[in-house]
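So you know, we letter chains A, B, ... as the sequences are listed, proteins then strands, and number each from 1. Nothing here was measured: the structure is a model prediction, and the numbers come from that model.
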Protein chains: 2
Amino acid sequence: MVKQTVTIRDIARMAGVSAGTVSRALNNSPLVREETRQKILQVVRALNYVPNRAAQRLATGKTLTLAVIVPFFTAPSVVERLKGVVHTLAQSRYDLIIHNIEDPEQRAGCFQTILRRDLVDGVLVISIAPKDEEVRLLSEADVPVVLIDAYHPALTGLLHQITVDDVAGGRAVTKYLIGLGHTKIGFVGDPADNPFNFTSSRDRARGYREALEAAGIPYRPEYYAEGPHGRRYARESARRLLALPDRPTAIFAASDVQAVGVLEAARELGLRVPQDLSVVGYDDVEIAEIVGLTTMRQRLFESGQRGVELLLRTLADPTTKPVHEVLPTELVVRETTGPPP
Amino acid sequence: MVKQTVTIRDIARMAGVSAGTVSRALNNSPLVREETRQKILQVVRALNYVPNRAAQRLATGKTLTLAVIVPFFTAPSVVERLKGVVHTLAQSRYDLIIHNIEDPEQRAGCFQTILRRDLVDGVLVISIAPKDEEVRLLSEADVPVVLIDAYHPALTGLLHQITVDDVAGGRAVTKYLIGLGHTKIGFVGDPADNPFNFTSSRDRARGYREALEAAGIPYRPEYYAEGPHGRRYARESARRLLALPDRPTAIFAASDVQAVGVLEAARELGLRVPQDLSVVGYDDVEIAEIVGLTTMRQRLFESGQRGVELLLRTLADPTTKPVHEVLPTELVVRETTGPPP
DNA sequence: CGGTTTAATTAAACCGGTTGCATTATACAC
DNA sequence: GTGTATAATGCAACCGGTTTAATTAAACCG
């Protein structure tokens with residue numbers, strides 16, 4: 001065990017006061033005479049004293065640390081949200097510890113250990129929708145939790161939740177394509193049932209079906225393809241769709257990354273975009289602008305930012321009522337969409 | 001101050017032993033009879049006891065936490081390295097706290113506070129080359145530090161450093177272009193003198209000049225352009241280069257992101273790639289593959305991974321000699337390069 | 001000026017673990 | 001059986017802050 005170079009008692013001795021007074025002086029207690037405080041601060045500066053974090057935590061029960069649980073390796077949109085979190089937290093005095101979820105099994109253990117008061121003061125969860133059996137764990141956690149891009153109906157009113165209305169977004173994209181004149185519209189997304197319990201693709205697909213129905217266009221199962229997230233799998237899915245005898249004239253991809261896969265498939269097959277095929281993505285991450293992709297913009301960075309704000313507010317005032325905020329989306333039309341051939 | 005629900009003394013009482021024995025049992029001390037240990041573990045499980053981290057830290061002087069200092073908002077390559085760090089650390093019992101550097105002023109403060117034993121046990125620094133005045137701070141830090149994609153000659157032998165040979169990389173790219181027959185080769189990069197003290201662009205430019213010289217091609221200052229990192233600025237730089245009366249037939253960009261900017265400029269000007277203009281990037285991040293960019297691949301993820309390994313090794317055995325590892329690079333030829341027109 | 005409030009300060013008891021040292025239980029040898 | 005070495009355990013002192021209660025100093029009042 002290594003002893004600290006300068007402790008509060010050293011400061012106390014040198015300033016000719018007791019440790020308690022030094023502590024109060026540093027924590028801006030009004031119980032210290034201004035003159036005494038100045039003397040103490042002088043010594044503190046002279047010795048370059050910084051209080052021991054572990055001791056503070058033990059004594060106060062506060063950790064001054066927050067945790068973020070994030071599936072870091074899944075999608076660029078997740079990184080963008082994380083950036084929002086990191087940026088906003090930089091202005092506060094909280095430290096941020098990052099817990100990456102690499103595979104589904106880690107989830108349980110992670111939730112179990114993290115949600116304890118002596119480890120962190122609060123938790124942010126990005127893009128991991130709780131399963132039914134995790135609801136109790138989350139609602140009974142003894143630290144405040146904020147879900148970003150994650151949602152469970154049973155948690156409304158218990159936790160802060162920040163989402164977008166993916167069903168409405170999916171509807172809007174599909175309606176836009178229908179408005180262009182398309183009737184043969186395909187969908188490429190993640191498996192509705194996936195180990196991380198990502199719900200966005202599922203919800204966007206629902207909006208897609210609703211919009212078709214509303215326009216009186218029958219839903220054709222052969223136009224719906226799902227596969228693991230990522231460009232490669234999306235490309236394969238798109239290949240299948242585009243190889244159909246009566247192939248779609250437009251494809252709605254559940255994310256920009258997948259839309260790029262669709263574009264690659266189109267290029268392989270010699271289809272011109274948007275003349276032969278229209279493609280729409282979702283998220284508006286940087287790559288969308290680069291490849292000129294029409295997409296549904298989400299406020300990714302802002303979602304992280306907002307999550308931190310809510311968490312900090314709750315920490316400052318634990319009686320804050322948990323809210324469910326729905327961030328807006330916005331269609332960004334670029335060069336991958338046009339009327340059907 | 002909130003008291004913990006279950007403490008080590010509760011366990012001790014219920015198991016009919018002393019707190020010290022419980023502590024030893026949980027830390028696998030050989031000083032505990034197997035039978036006693038089992039009895040204790042049983043109680044621990046029954047009460048769902050987890051030791052208080054703050055108390056452990058205070059008592060042992062170990063924090064079980066590492067910090068990573070990273071300019072999160074600058075480039076995708078940085079994110080990729082961070083992923084390597086996060087992934088590798090998941091297998092250890094260390095927590096990772098992330099410190100984002102958003103602007104140059106934060107650097108100093110960040111280094112000052114982080115490098116203290118009672119905050120973290122070790123520090124990783126990604127892509128931030130120390131300035132001369134920071135060298136002392138780093139070498140006198142009372143925790144081990146590993147630099148990833150960052151380097152200072154005065155720190156050799158004092159800290160672990162993981163880099164690539166950017167000068168050699170720049171030379172190789174330029175040589176490759178010369179081999180294709182190009183003699184009019186431009187360079188688009190970051191300012192050699194930038195607030196974050198990023199050195200990679202500067203070094204790659206040096207390699208570029210060396211290769212030109214070695215081939216007997218005179219260096220033309222009007223073929224060299226620098227501007228803030230990012231696609232936009234690179235596009236502007238490229239526009240300038242391509243507007244020259246005797247414009248270059250190839251452009252070497254200091255990063256993939258910048259190479260994409262160059263491609264955009266070429267498209268604007270109606271130049272075909274690679275027939276009219278060859279473009280080479282650096283890093284091989286995901287976007288390079290998507291746009292079919294010829295580039296110099298770096299082992300980004302691996303650099304983070306390796307950094308963690310070295311840090312963990314040093315923590316386990318403080319006598320470990322600090323090394324300077326140079327990771328290899330590899331030219332990946334795709335569709336943006338060809339012989340000059 | 002003595003008595004009473006009020007303001008500052010100190011002393012000591014926490015917080016919940018770990019660990020050196022003393023002590024007791026157990027094993028072993030003679 | 002006693003003596004001695006060894007294995008387990010208990011006790012209490014840490015670690016370095018914060019905070020309550022007790023104490024002292026300063027201010028106020030009639």
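- The distance from atom CG of Leu58(B) to atom C1' of dC15(D) is 4 Å, rounded to the nearest whole Å.
- No side-chain donor from either of His229(A) and Thr74(A) sits under 3.5 Å from a side-chain acceptor of the other.
- In this structure, the CG atom of Leu119(B) is 14 Å from the P atom of dG16(D), given to the nearest Å.
- If you take CG of Asp10(B) and C1' of dC15(C), they are 13 Å apart, rounded to a whole angstrom.
- Nearest to the side-chain atoms of Val17(A) among the listed nucleotides dG16(D), dT10(C), dG17(C) stands dT10(C).
- Computed from coordinates, the Arg57(A) CZ to dG17(D) P distance equals 13 Å when rounded to whole Å.
- Between Gln56(A) and dT18(D) there is a side-chain polar atom (N or O) within less than 4.0 angstrom of OP1 or OP2.
- Side-chain atoms of Arg9(B) never come within 3.5 Å of backbone atoms of Ala19(B) as a donor-acceptor pair (strictly under, hydrogens ignored).
- For the residue pair Gln42(A) / Gln38(A), no side-chain donor-acceptor distance below 3.5 Å is found, with atom types taken as modelled.
- Nucleotide dC29(D) forms a pair with dG2(C), judged by Watson-Crick or G-U wobble geometry with both contacts under 3.5 Å.
- Within the 4.5 Å cutoff, no side-chain heavy atoms of Asp103(B) are placed close to those of Pro195(B).
- Distance, Lys62(B) NZ to dG16(C) P: 24 Å, rounded to whole Å.
- Residue contacts for Arg9(A): at a heavy-atom cut-off of 4.0 Å it reaches a base atom on one of the strands shown.
- When the side-chain nitrogen and oxygen atoms of Thr7(A) are compared with OP1 and OP2 of dG16(D), none of them lie within a distance under 4.0 Å.
- Donor-acceptor pairing under 3.5 Å is lacking for the side chains of Asp95(B) and Thr65(B).
- Partner of Ser127(B) under the side-chain contact (heavy atoms from CB on, under 4.5 Å) criterion, chosen from Ile148(B), Val70(B), Asp149(B): Asp149(B).
- The aromatic rings of His87(A) and Phe301(A) sit tilted relative to each other, their planes meeting at an angle between 30° and 60°.
- In this structure, Asn52(B) places its CG atom 6 Å from C1' of dG16(C), rounding to the nearest Å.
- Using N1 to N3 plus N6-O4 or O6-N4 for Watson-Crick, or N1-O2 and O6-N3 for G-U wobble, each under 3.5 Å, dC21(C) pairs with dG10(D).
- Here dT18(D) presents its C1' atom at 8 Å from CD1 of Ile8(A), a figure rounded to the nearest Å.
- If you check dT18(C), dT18(D), dG10(D) against the side chain of Ser18(B), the one that comes closest is dG10(D).
- Between Ala54(B) and Arg24(B), the residue anchored nearer the 5' end of DNA chain C, judged by the nucleotide with its closest heavy atom, is Ala54(B).
- Non-hydrogen atoms lying under 4.0 Å from DNA chain D are contributed by Asn27(A), all within residues 27-40 of chain A.
- You'll find that the side chain of Thr21(A) is closest to dT9(C), out of dT9(D), dG17(C), dT9(C).
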